[in-house]
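Reviewing the structure listed below.
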Amino acid sequence: MNHSIHSADRATHLKIVVVALVAGITVAALGISARVGADYSQTAHVVKATKQITVTSSETSTVR
């Protein structure tokens, strides 16, 4: 058994790549199936410009 990735042989590297690929495909498939099954309705909200206002926030304390 190889305890280091540096001393691992070609078959061990191939196993790691295959496991990572299968895990990635599984996560992607679960994400797609969760998104397709949901009924999300997207609506656009229009915000019209009115008169100009100024918003300020000053929470700094003055030390003298």
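Through direct or relayed side-chain contacts under 4.5 Å between Ile, Leu, Val, Met, Phe, Trp and Tyr, I25 connects to L21. Hydrophobic cluster of V27: no remaining members, since no ILVMFWY side chain lies below 4.5 Å from it. The other residues sharing a hydrophobic cluster with L14 are V18, V22, where clustering joins ILVMFWY side chains under 4.5 Å apart.
A donor-acceptor contact shorter than 3.5 Å is absent between the side chain of T12 and the backbone of A8.
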